[in-house]
Amino acid sequence: MRPERESSVPHRERLTAFTPLPPERNGIADYAAMLLGALAEHYDCAAACDDWLAEAPPGVTVLDPSLAHRRAAGGRVLHQVGNNPGHGFVLEALRRVPGVTTLHDPGLLHLHQTTDAPRDALLSGLRAAPPAFARYADQVARDGSWRRADHLLFPMAGEVLSRSRAAVVHSRFARNRLRALHGAAATAHLEVIPHLLPPLAVPAREEARARLGIPADAFVVCTAGFATAAKRFDWLIAATALAVERGAAALLWLHAGAERPEEFPLAAALAESPALRERARITGYLTEAALTDHVAACDMLVNLRFPSGGESSGSLARGFAAGACCVVSDTGAYAELPRDAVLHVPLAGAVPALAEALASLAADPARASAISAAGRRYAQAEMALPAVALRYRALVEASRDRPPAAARARAQPPTISLALGPELTPRVVARALDGATGACRLLLAAPTLDALADRSLDRPALLTALLPPWAALRSVRVLEEPRAGLLLDLDAGGA
Amino acid sequence: MTAAPLLAALLRAALPGLRALDLGLPEPLLFPWLPGTLCGVADAATLPPAEAALLRRFRHPDGRPLVGLDRTADAALFAAAPEAWHEAEERLIRCGAAVPRHPLPADALLLVPPDAAHVSGAPTSRMPLLLGAGGTVERHDLLVPQPRLHAIHTAFARAAEALAEASDGRWLARSPAVSAEIASVSLLPENGQTCAPALSLPADALVHDRPASRAGPDGLDLSVPPHRVRVLLGSVPARLRITLRGDASGAALFGDGARLPIRKAEGPEGETCLEAEAWPRSAGVAVLGVALPRPARAVLARLDLLP
């Protein structure tokens with residue numbers, strides 16, 4: 001979709017956004033605040049936020065989300081969904097008030113797990129799993145427990161996709177991943193809108209360093225945000241130690257953000273590294289201004305990810321805005337970034353490659369500057385906030401009258417009937433139920449009641465074996481007329 | 001302007017042992033003016049899902065949900081079980097424009113729009129109540145089982161006379177018995193004034209959405225997260241006042257979800273009063289929100305609806 005240069009629809013129509021806002025410690029809250037500030041040029045904006053006392057940009061009203069549907073009725077609606085419990089109220093709102101949804105994280109298993117989703121609802125999310133993952137889905141359904149890898153295998157984005165008039169992701173990778181997992185039809189309404197460039201007042205590097213007490217001649221590496229396991233601090237610690245060995249004596253590392261020791265014990269890992277013990281510092285959670293200072297003070301912003309679920313990085317956008325030389329993993333959404341705008345680190349051999357990058361850029365600041373300048377030019381061209389806001393506006397207007405897929409699917413098919421015999425397999429049942437959403441009926445038919453009894457005895461745990469894990473069994477009846485069989489009331493999820 | 005306060009005063013005076021159920025949400029009439037009135041909806045199926053979800057949050061002071069949203073919780077009420085009606089001597093159900101889905105207790109008085117029939121279709125006597133509010137006259141019909149019309153009419157007539165007498169002649173009461181099936185009561189202002197008293201509700205009389213924090217003798221404790229509460233108002237008052245005890249700095253009021261401009265006044269004994277004016281109505285029942293910033297250490301003591 002091509003962004004419009006000027007608004008061609010009446011100004012000041014109402015837009016209601018359901019989103020966290022600052023001071024919530026959530027990058028999506030910061031994103032939403034910036035986006036709404038720009039959308040306020042085009043709409044009469046309100047933000048429905050679980051924190052009624054949240055800080056909204058000028059001209060944006062904060063609403064109680066439980067009452068915001070009254071304002072949103074018949075108007076424009078925007079949802080900001082991320083994979084953390086702070087977005088539970090947004091998911092709830094999306095179920096009642098459809099709109100355009102930004103999927104900041106293509107995987108939402110953690111969101112569903114932490115917002116008291118019933119077990120059946122979680123299992124129904126497994127139905128989108130490709131056949132290759134079916135046995136893992138069966139294992140989850142049997143054990144009732146989730147593993148770390150399940151967050152990548154089962155994105156649980158089907159409900160959000162089906163309830164949205166349109167959906168936004170920040171990269172082609174995220175779109176393609178969702179398309180592969182949910183199918184072309186379910187993702188036809190996905191739009192790629194890059195992450196926005198924060199409109200920061202970025203201080204000069206020298207000024208920021210003076211405020212932070214950082215020597216002017218230091219080569220400062222910065223990481224930012226919550227210190228999670230996927231950000232591969234283990235690789236960065238090893239690579240930085242190697243780079244110091246190779247002569248990057250002036251190297252300092254600032255982690256501008258908070259630790260999550262339960263995910264990765266960064267402070268402990270740094271303390272164990274003789275090369276880094278005195279060179280690295282964790283700042284803890286920072287205010288907006290302090291975070292900007294730290295990123296502005298650095299020579300290099302390192303933003304690694306493995307494994308990647310397709311997420312984009314607010315920290316990276318901040319690095320572009322601050323004119324830092326950005327280093328990223330060559331995977332996921334980051335692989336889409338122009339080769340001259342960032343430095344890509346391969347996944348295989350990441351540590352030596354990163355060590356080489358650190359050492360060479362520390363020795364050649366001009367090269368680091370060239371990369372950072374190219375990164376800033378790219379970001380200003382592709383991620384500028386006014387342009388991003390126009391793209392959102394175009395999508396909101398284009399999708400206004402598009403009913404969500406969940407609403408279109410509400411007319412239920414008649415009872416699905418299958419003959420209960422040796423040829424009836426779980427795959428046949430799953431294929432028959434494909435396309436059914438919510439409450440549905442399945443009749444496993446037999447010629448007579450005696451035949452039904454015989455066939456049931458021949459196959460112990462018949463229903464457990466036949467039904468896919470995402471179809472919740474609500475009730476069973478034995479029918480004699482008009483056809484003998486087992487009549488199953490199911491919830492196929494996805495409604 | 002509305003005759004709801006006058007109607008409530010008349011019902012209180014005429015039927016002292018009355019317990020009422022107002023099924024007229026989002027346009028209540030008796031709630032909150034008649035103390036102890038239960039409120040609810042006639043037909044939850046007609047509500048938008050988001051509005052139904054909002055109303056399901058609320059609980060009456062005795063802990064039960066709004067009527068019409070939980071069939072199990074309502075069963076005893078509609079079966080006329082005495083304990084569901086708090087052993088009240090007299091039961092009254094107010095029906096708005098929407099027809100209730102449930103069969104109603106046969107012996108309950110029904111307050112209905114003008115000329116509306118009994119929901120069961122059964123023949124009843126009718127007692128039009130004509131109540132003045134400013135320059136208009138509101139009519140509400142009380143449907144009474146035929147054998148009781150005379151007794152009920154007499155009680156209402158005496159109550160209207162008493163209210164008129166207490167008003168030093170500013171209100172005129174008339175109670176003609178038109179026929180064996182119809183007898184009316186009117187209470188009309190002499191000079192077009194409205195009966196608009198203030199209504200003061202202690203926290204333990206409020207319908208709100210903090211069921212885990214039922215109000216104690218000191219009020220509704222907002223120091224427990226999430227440091228906020230939604231209070232069902234019914235209709236938007238001309239003015240309102242919230243009284244908080246404790247540290248109320250940063251407290252905010254919300255009318256139908258949107259922040260209200262407030263005036264703050266310090267009261268005696270560590271009380272802080274927040275006042276707000278009426279706000280534009282939204283579709284749906286009026287809801288007042290009260291929120292405090294973390295860490296909150298305050299108790300909501302009282303809500304005053306002011307003329």
Side-chain angles (χ1 to χ4, degrees), chain A residues 14-25 44-75 77 79 85-86 88-99 115-116 163 403-404 406-407 410 438 495, chain B residues 25-26 44 47-59 66 69 208-211 222 225-233 236 242 248-262 274 276 279-296 298:
Chain A
R14 282 182 168 181
L15 174 78
T16 306
F18 290 80
T19 178
L21 285 175
E24 178 90 11
R25 293 183 178 185
D44 175 12
C45 288
C49 184
D50 199 43
D51 178 5
W52 303 354
L53 301 175
E55 298 159 6
V60 179
T61 311
V62 177
L63 298 178
D64 172 358
S66 293
L67 284 138
H69 60 277
R70 296 181 181 179
R71 182 189 196 272
V77 176
H79 297 282
F89 77 95
V90 182
L91 185 58
E92 203 177 304
L94 175 59
R95 290 171 178 148
R96 301 195 179 101
V97 186
T115 50
D116 296 325
R163 291 190 180 277
R410 223 158 264 147
Chain B
L25 290 186
L47 292 174
E51 193 68 16
L54 168 68
L55 295 180
R56 283 197 175 90
R57 292 174 175 271
F58 291 97
R59 292 295 180 272
L66 299 190
L69 296 166
H208 62 80
D209 72 339
R210 287 178 67 99
L222 297 180
H227 307 304
R228 64 184 188 217
V229 63
R230 299 175 184 91
V231 178
L232 199 72
L233 289 181
V236 179
I242 280 284
S249 47
L253 299 183
F254 296 77
D256 291 342
R259 193 155 180 171
L260 296 170
I262 57 172
L274 306 178
W279 58 88
R281 272 212 64 183
S282 62
V285 65
V287 174
L288 175 71
V290 182
L292 291 158
R294 284 190 293 255

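This is a predicted model, so every value here is computed, not measured. Note: hydrogens, waters and symmetry copies are ignored here, and every other heavy atom, side chains too, is used.
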Engineer: Would you find more than 12 non-hydrogen atoms of other residues, nucleotides or ligands less than 6.0 Å from Arg281(B) atom CZ?
Structural biologist: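 For Arg281(B), atom CZ is crowded (more than 12 foreign heavy atoms under 6.0 Å).
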Engineer: Look at Ala258(B), Ala283(B), Pro293(B), Pro49(B) and state which one has the largest set of heavy-atom pairs under 4.5 Å with chain A.
Structural biologist: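 Of the candidates given, the most pairs with chain A belong to Ala283(B).
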Engineer: Shortest non-hydrogen contact from Trp52(A) to Ala291(B)?
Structural biologist: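 What the structure gives for the nearest pair is CE3-CB, 3.6 Å.
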Engineer: Could you check Arg230(B), Arg228(B), Arg259(B) and say which one makes a side chain to side chain contact (heavy atoms under 4.5 Å, CB included) with Asp64(A)?
Structural biologist: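 For Asp64(A), the side chain to side chain contact (heavy atoms under 4.5 Å, CB included) check succeeds only for Arg230(B).
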Engineer: Side chain, backbone, both or neither: which part of Val285(B) has a non-hydrogen atom closer than 4.5 Å to chain A?
Structural biologist: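 For Val285(B), heavy atoms of backbone and side chain both lie under 4.5 Å from chain A.
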Engineer: Counting only non-hydrogen atoms closer than 4.5 Å, does Ala50(B) touch chain A with its backbone (N, CA, C, O), its side chain (CB onward), both, or neither?
Structural biologist: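 Contact with chain A is through both the backbone and side chain of Ala50(B).
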Engineer: Quick one: of Val62(A), Asp50(A), Asp51(A), who has the most non-hydrogen atom pairs under 4.5 Å with chain B?
Structural biologist: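 Of the candidates given, the most pairs with chain B belong to Asp50(A).
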Engineer: Looking at Ser282(B), is its backbone amide N or carbonyl O close enough to the side chain of Arg70(A) to form a donor-acceptor pair, meaning the two atoms are under 3.5 Å apart?
Structural biologist: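 Not confirmed, Arg70(A) side chain does not pair with Ser282(B) backbone.
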Engineer: Nearest 0.5 angstrom please: Phe254(B) CZ to Leu53(A) CG, how far?
Structural biologist: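 One gets 5.0 Å once the value is rounded to the nearest 0.5 Å.
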Engineer: To the nearest 0.5 Å, tell me how far Ser66(A) OG sits from Leu55(B) CG.
Structural biologist: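 Going from the OG atom of Ser66(A) to the CG atom of Leu55(B) covers 11.0 Å.
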